[in-house]
Amino acid sequence: MDAFSLCCASCIALGDPASLFGEGSQDLRVEALGAESFAVASDVTTGVQDSGFQLDALSLGVAGAPHEDVRVRVTLDTDLQSFGRSEAYLEGRPARGLTIRAGRWRVGPGVVSARRVPDRCFVDAPLATETFLGRDGLIDQGFAVTYQTPWKLLPVSLTAGILSGIDAASFDALYPNGLGGTVFERLLYLVRLEAQIGALFDRPLSISATFLTGQNGTGPDNRTDMVSVDAAGSFAVGSGWTVGFDLEYLLRRFGIPYALVVEGGLSADVTVAWRQAWLGLRVDVFGLP
């Protein structure tokens, strides 16, 4: 494990990298996005391969709400090499406060690692996300249930999910037969708790924690566990200006034959938007205990 690794990424976007479909939308919408970013790395030996300016994000999506309690999204998201970022899922609300999702989507686990490329402005994945989950992050098919409490003063949501684990990335650790193992090779279990603490003072601010666990490919007794703690918020400043921030700490613990490896990484980004122009800066630190 690196003693210390640092990566700074900046982005410039013309056009609002906002969510493809918002709450209550009943219309089909299509979006195409090109984004450009550059990275400056220091003492990084894994996870960052890009340098200089490059155009490598294009997204074409269709989303809609055929019924007020049913939503559908299909997104073809490419980095001009593959469609590994693509999503297709169905979301329904069978009861008040209860949401069920089935299909393939960007799981996360945190606010930085879970953000779709068109939504986050940065086309490249954070250093910890790329190291732990691959260059596209954790995108997998499965089933999830979310319960949103009716508390208006402090809304809280709890999500539990089961994922296939078959689309997760590989790590390069060697074991007796000389092959690499898969981070999550079998069923992957997820629990996420999120609190909208900004409701206490009428501001968009949330904190959350996520736990992931699943068997990895180095043997039947070896597992990979991951914990994410994050915070996100945005604030209006002056006329037409918006400042947003995202902060996420990822801790991964995985077992391989005769060893247990623990690694951590921190990602923090700030974006400033004025009308349809965005400027962002993200700092990734890897190698934290």
Side-chain angles (χ1 to χ4, degrees), residues 1-10 39-50 106-115 120 122 124-140 159 161 163 165 167-175 180-185 188-195 206-218 221-233 245-270 280-289:
M1 182 178 70
D2 297 340
F4 178 80
S5 297
L6 174 66
C7 172
C8 295
S10 299
V40 179
S42 173
D43 190 26
V44 176
T45 59
T46 61
V48 174
Q49 300 177 354
D50 300 332
R106 181 179 293 275
V107 180
V111 293
V112 178
S113 57
R115 187 148 296 164
R120 72 179 183 228
F122 301 95
D124 54 322
L127 183 59
T129 302
E130 186 172 342
T131 304
F132 295 161
L133 298 168
R135 63 189 305 271
D136 293 324
L138 180 54
I139 302 174
D140 203 0
T159 300
L163 308 171
D167 281 344
S170 296
F171 58 83
D172 296 327
L174 298 180
Y175 52 105
T182 302
V183 174
F184 295 116
E185 188 179 61
L188 169 65
Y189 303 95
L190 171 149
V191 177
R192 178 176 176 83
L193 180 65
E194 181 175 358
S206 67
I207 58 172
S208 60
T210 306
F211 175 71
L212 292 162
T213 184
Q215 181 182 338
N216 67 46
T218 64
D221 299 325
N222 294 322
R223 304 189 64 81
T224 297
D225 302 319
M226 186 174 296
V227 175
S228 170
V229 180
D230 55 76
F245 76 91
D246 301 295
L247 181 69
E248 178 181 357
Y249 176 72
L250 280 174
L251 180 68
R252 184 181 72 168
R253 171 186 180 271
F254 66 92
I256 55 178
Y258 319 116
L260 187 65
V261 181
V262 179
E263 300 171 301
L266 178 70
S267 296
D269 68 54
V270 176
L281 174 66
R282 191 186 72 225
V283 176
D284 304 325
V285 181
F286 181 77
L288 300 174

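Everything numeric in this text was worked out from a predicted model, so none of it was measured. Both backbone and side-chain heavy atoms feed into the values below; hydrogens, waters and symmetry mates do not.
- Residues satisfying the side-chain contact (heavy atoms from CB on, under 4.5 Å) test with Thr159, not counting sequence neighbours, are Ala144, Thr146, Leu190, Arg192.
- Screening Leu138, Asp225, Val227, Thr224 against Leu212 for a side chain to side chain contact (heavy atoms under 4.5 Å, CB included) leaves a single residue, Leu138.
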Side chain to side chain contact (heavy atoms under 4.5 Å, CB included) for Asp246 and Arg115? Distances and angles first, verdict last. CA-CA 10 Å; Asp246 301 295; Arg115 187 148 296 164; 2.7 Å; yes
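- Between the CD atom of Gln215 and the OH atom of Tyr189 there is a distance of 10.0 Å, given to the nearest 0.5 Å.
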Report the C-alpha separation of Met226 and Leu251 in whole Å, then their side-chain angles, then the decisive distance to 0.1 Å, and conclude whether the side chain to side chain contact (heavy atoms under 4.5 Å, CB included) test is met. CA-CA 6 Å; Met226 186 174 296; Leu251 180 68; over 6 Å; no
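- To the nearest 0.5 Å, the span separating CZ on Phe254 from CG on Asn222 amounts to 10.0 Å.
- Distance alone, capped at 3.5 Å, places no donor-acceptor pair between the Glu263 side chain and the Arg252 backbone.
- Atom CG of Asp284 sits about 9.0 Å away from atom OG1 of Thr131, to the nearest 0.5 Å.
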Glu248/Val229 under side chain to side chain contact (heavy atoms under 4.5 Å, CB included): CA gap, chis, key distance, verdict: CA-CA 6 Å; Glu248 178 181 357; Val229 180; over 6 Å; no
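- Listed here is the closest heavy atom pair of Val112 and Ser267: CG1-CB, 4.1 Å.
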Determine whether Val107 and Leu163 satisfy the following criterion, side chain to side chain contact (heavy atoms under 4.5 Å, CB included), listing intermediate values before the conclusion. CA-CA 9 Å; Val107 180; Leu163 308 171; 3.7 Å; yes
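- Closest non-hydrogen pair, Pro109 versus Ser228, comes out as CG-CB, 3.8 Å.
- Judged purely by atom type and a 3.5 angstrom limit, Glu194 has no side-chain atom pairing as donor or acceptor with the backbone of Ile207.
- Remark: Leu250 CG to Thr129 OG1 distance equals 5.5 Å, nearest 0.5 Å.
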